[in-house]
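Note: hydrogens, waters and symmetry copies are ignored here, and every other heavy atom, side chains too, is used.
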Amino acid sequence: MTPTPMLFLLLLGLIGAQATTTTVDLRTAAAMAAGLCKTRPTDIVFIIDSSRSVRPSEFEQVKVFLAKVIEGLDVGPNATRVGVVNYASRVKNEVSLKTHKTKAGLIKAVTKIEPLSTGTMTGLAIQFSLNVAFSEAEGARVKSPDISKVAIIVTDGRPQDSVKDVAQRARDAGIEIFAIGVGRVDMSTLKQMASDPLDDHVDYVESYSVIEKLTKKFQEAFCACSNSATDVVFLIDGSKSVRPENFELVKKWINQIVDKLDVSDAKAHVGLVQYSSSVRQEFPLGRYNNKKDLKDAVKKMAYMERGTMTGQALRYLTDNSFSPGQGARPGVAKVGIVFTDGRSQDYIGDAAKKAKEHGYKMYAVGVGSAVEDELKEIASEPTGEHYFYTADFKTMTQIAKKLQINICQEEDPCECDSLVKFQKKVEDALQALTKKLESMSKRIALLENKIV
C-alpha cells in the first residue's frame with residue numbers, strides 16, 4: 001500500500017532526528033580525534049632514496065610509511081608543513097612545503113610519486129633540500145625558535161657521494177636530521193648524517209616490509225603537550241669550575257628550553273635558582289608570563305662562582321621553590337631541572353629522594369666533571385630518560401632538544417593514534433545508526449499496519 005502524506009511526515013521526522021544524532025556523534029568523534037594530538041609547528045621534509053636497489057614494491061612500502069606518519073601530524077599552514085624530496089642519481093622536488101595545506105591532498109600526492117631508479121646521490125639530495133626544499137620560496141617558514149625544521153632521510157645503500165660535510169651544514173642551519181637505514185645500508189653513513197644524540201636520530205630496519213614499525217616513533221616525536229599546565233624550576237650550578245664563558249652558554253641553554261615551552265599565565269610557569277656555596281633565587285614561578293621577559297631575566301643572571309652545594313640547593317627546591325608562597329600552583333605538574341658541572345660538596349641523597357617523593361619530575365643534566373652516579377640519584381625514574389651528560393658545554397644544545405620533548409604530564413600524554421580512535425568512534429556511531437534504522441523499520445511496519 002502507498003504510504004499517506006502523514007506517514008511521510010512521520011518518516012521524515014524520524015530520519016531527521018536520527019541523522020541529527022548521528023551527525024552530532026560524528027562531529028564529536030572528529031573533535032575528539034583532533035584534540036588527541038597537536039604537533040608542534042614544524043617544517044618536515046622527507047628525503048627518500050628511490051635508487052635502482054629499491055624495488056618498485058619496496059618503494060610502495062616507503063610511501064605507505066610516509067602516509068602513516070603524515071596521518072598522525074597536525075597538517076596546516078600554521079601547524080606542520082610537509083615536503084618530499086625524491087632522489088637517485090638526480091633529485092626531484094616531489095612535494096613543496098607550500099603545496100598542500102590539507103592532510104588528504106598531501107597523502108594523495110605521496111601516493112603518486114614514482115621511483116627514479118638510478119644511482120644513490122644522498123649528499124646531493126641533502127644539499128638540494130638545504131638550498132631548495134627548506135627555502136622560503138618553497139614554503140619554508142622564517143627561522144624561529146617556535147618552528148622546528150626536520151629532515152627524515154630513508155635510504156637502503158651506500159651513497160655514491162660524500163654526505164658528512166653537507167649534513168653538517170644542514171645541521172648548522174638548524175635542521176634536525178633523522179636517518180633511517182634499510183637492509184644492507186652503510187651504518188657509518190647514517191651516523192654522519194643524523195643529529196645528536198644518535199640513539200634518537202638513527203634507525204635501522206631489516207627490510208622495507210617492516211619500515212612501518214617506525215611510524216609510531218615519528219608520530220610521537222612531533223607530538224607536543226603544550227596544553228599541559230606545568231611549573232618548571234631550573235636549579236643552576238654557578239660554581240667557580242663552570243667559568244664565566246661557559247656560564248653564558250648555560251644561560252643560552254636555559255632559554256633554548258624556554259623557547260619550547262608554552263609560557264603563559266595558564267600554561268607553563270618558570271622559576272630560576274642559582275647555587276654555589278649558597279643558594280640564590282633569581283626569580284620565582286609566575287613572575288614572568290611571556291617568553292620575552294622571561295628570557296631577558298635569564299640573560300641578566302649574574303655568575304656567583306665559589307663552591308658546589310647541590311644538596312643544599314635541592315633542599316631549597318623542595319622547601320621553597322615549589323611552595324605556594326613562591327608562586328607554585330596547586331594541582332599542577334612540577335618539573336625540576338638541575339644543572340651541574342661537578343661533584344657536590346655536600347650530601348644529596350635525602351634531598352633528592354624527598355623531591356621525588358613529593359611527585360616532582362626531576363631532570364639532572366651534567367657537563368664536564370659532573371658525577372653520573374649523582375645525576376642518576378637526582379633524576380626521576382626511569383633514570384635513562386631523566387638524566388643527561390655531555391663532556392662539553394658547547395654540545396648542551398643537543399640536550400635541550402631532547403629534554404624539551406619530555407616535559408609532558410604523564411597523566412595527559414600526547415596520543416598520536418588519533419586516526420585509529422577516530423575510526424573506532426565513527427564505526428561505533430555507524431553501528432548505533434544501523435540499530436536505530438532497524439528499529440525505525442519495525443516502527444514503520446507497525447504504522448503501515450495501523451493505517452491499513
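Checking side-chain atoms of S195 against main-chain N and O of E176 turns up no donor-acceptor pair under 3.5 Å. Using modelled atom types, no side-chain atom of D156 and backbone atom of G183 make a donor-acceptor pair closer than 3.5 Å. Put simply, the side chain of K361 never gets that close to the backbone of G336: no donor and acceptor are under 3.5 Å apart. For the pair D237 (side chain) and V242 (backbone), a donor-acceptor distance under 3.5 Å is absent. In this structure, the side chain of T99 does not engage the main chain of V95 through any donor-acceptor pair within 3.5 Å. Counting only distance, with no hydrogens or angles, the side chain of Y288 and the backbone of D296 share no donor-acceptor pair below 3.5 Å. For K334 (side chain) and V332 (main-chain N/O), a donor-acceptor pair under 3.5 Å exists by modelled atom type. Between the side chain of K291 and the backbone N or O of L261 there is at least one donor-acceptor pair closer than 3.5 Å. With hydrogens and angles disregarded, a donor-acceptor distance shorter than 3.5 Å links the side chain of Q345 to the backbone of T308. In this structure a side-chain-to-backbone donor-acceptor pair under 3.5 Å is present from R81 to P77.
The two residues Y208 and V54 have their closest heavy-atom pair at OH-CG2, 3.4 Å. Considering every non-hydrogen atom in both F283 and V270, the closest pair reads CE1-O, 3.5 Å. Annotation for V142 and I147: closest pair O-CD1, 4.5 Å, computed over non-hydrogen atoms. For S135 against N131, the heavy-atom pair with the smallest separation is CB-O, 3.6 Å. Smallest separation of non-hydrogen atoms from H269 and D265: NE2-O, 2.8 Å. The two residues Q127 and V166 have their closest heavy-atom pair at OE1-CG2, 3.1 Å.
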*Intermediate values then yes/no, side-chain hydrogen bond (donor to acceptor under 3.5 Å, both in side chains), E94 and N86*: CA-CA 6 Å; E94 299 282 3; N86 184 11; 3.1 Å; yes
*Take L314 and I348, measure what side chain to side chain contact (heavy atoms under 4.5 Å, CB included) needs, and give me the verdict at the end.*
CA-CA 7 Å; L314 286 166; I348 68 168; 4.1 Å; yes
*Step by step, would you call V84 with I113 a side chain to side chain contact (heavy atoms under 4.5 Å, CB included)?*
CA-CA 9 Å; V84 181; I113 298 173; 3.7 Å; yes
*asked:* Pair S207, Q61 - check side chain to side chain contact (heavy atoms under 4.5 Å, CB included), show working.
replied: CA-CA 10 Å; S207 67; Q61 290 166 337; over 6 Å; no
*Just do the side chain to side chain contact (heavy atoms under 4.5 Å, CB included) check on H386 and T383 with the steps written out, would you?*
CA-CA 5 Å; H386 294 87; T383 55; 5.8 Å; no
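Under the side-chain contact (heavy atoms from CB on, under 4.5 Å) test applied with K149, the options V45, I175, T42 reduce to a single match, I175. Test T230, D262, N289 against K267 for side-chain hydrogen bond (donor to acceptor under 3.5 Å, both in side chains) and you get one pass: D262. Of the listed residues (V365, L235, I254), just one forms a side-chain contact (heavy atoms from CB on, under 4.5 Å) with F339, and that residue is V365.
Residues M193 and H201 form no side-chain contact, since every pair of their non-hydrogen atoms from C-beta on lies 4.5 Å or further apart. When side chains are defined from C-beta on, N246 counts as touching L249, because their heavy atoms get closer than 4.5 Å. For the pair V298/K251, a side-chain contact is recorded, criterion being any heavy-atom separation below 4.5 Å from C-beta on. Contact check for V132 versus S129: no side-chain heavy atoms found under the 4.5 Å cut-off. The shortest distance between side-chain heavy atoms of I153 and I177 falls below 4.5 Å. Looking at heavy atoms from C-beta onward, T122 lies out of side-chain contact with D49 at the 4.5 angstrom threshold.
Using a 4.0 Å cut-off between charged side-chain N and carboxylate O, E374 and K376 make no salt bridge. In summary, E71 and K68 do not engage in a salt bridge, as defined by a charged side-chain N under 4.0 Å from a carboxylate O. D259 and K295 are joined by a salt bridge, as a carboxylate oxygen and a charged side-chain nitrogen come within less than 4.0 angstrom of each other.
Atom CD in E357 sits 10.5 Å away from atom OG1 in T318 (nearest 0.5 Å). I378 contributes atom CD1, which lies 7.0 Å from atom OG1 of T340 (distance to the nearest 0.5 angstrom).
Taking the six-membered ring for Trp and the full ring otherwise, Y363 and Y387 have centroids separated by 6.0 Å or more. Taking the six-membered ring for Trp, Y316 and Y275 have ring centres at least 6.0 Å apart.
Side-chain atoms of T80 and D74 include no donor-acceptor pair closer than 3.5 Å. Under the 3.5 Å distance criterion, with hydrogens and angles disregarded, no donor-acceptor pair is assigned to the side chains of Q312 and R315. Side-chain polar atoms of Q281 and Q274 form no donor-acceptor pair below 3.5 angstrom. No donor-acceptor contact under 3.5 angstrom links the side chains of S162 and D165, judged on distance only.
The aromatic rings of F65 and F46 stand perpendicular to each other, their planes meeting at an angle above 60°, with 30° marking the opposite boundary.
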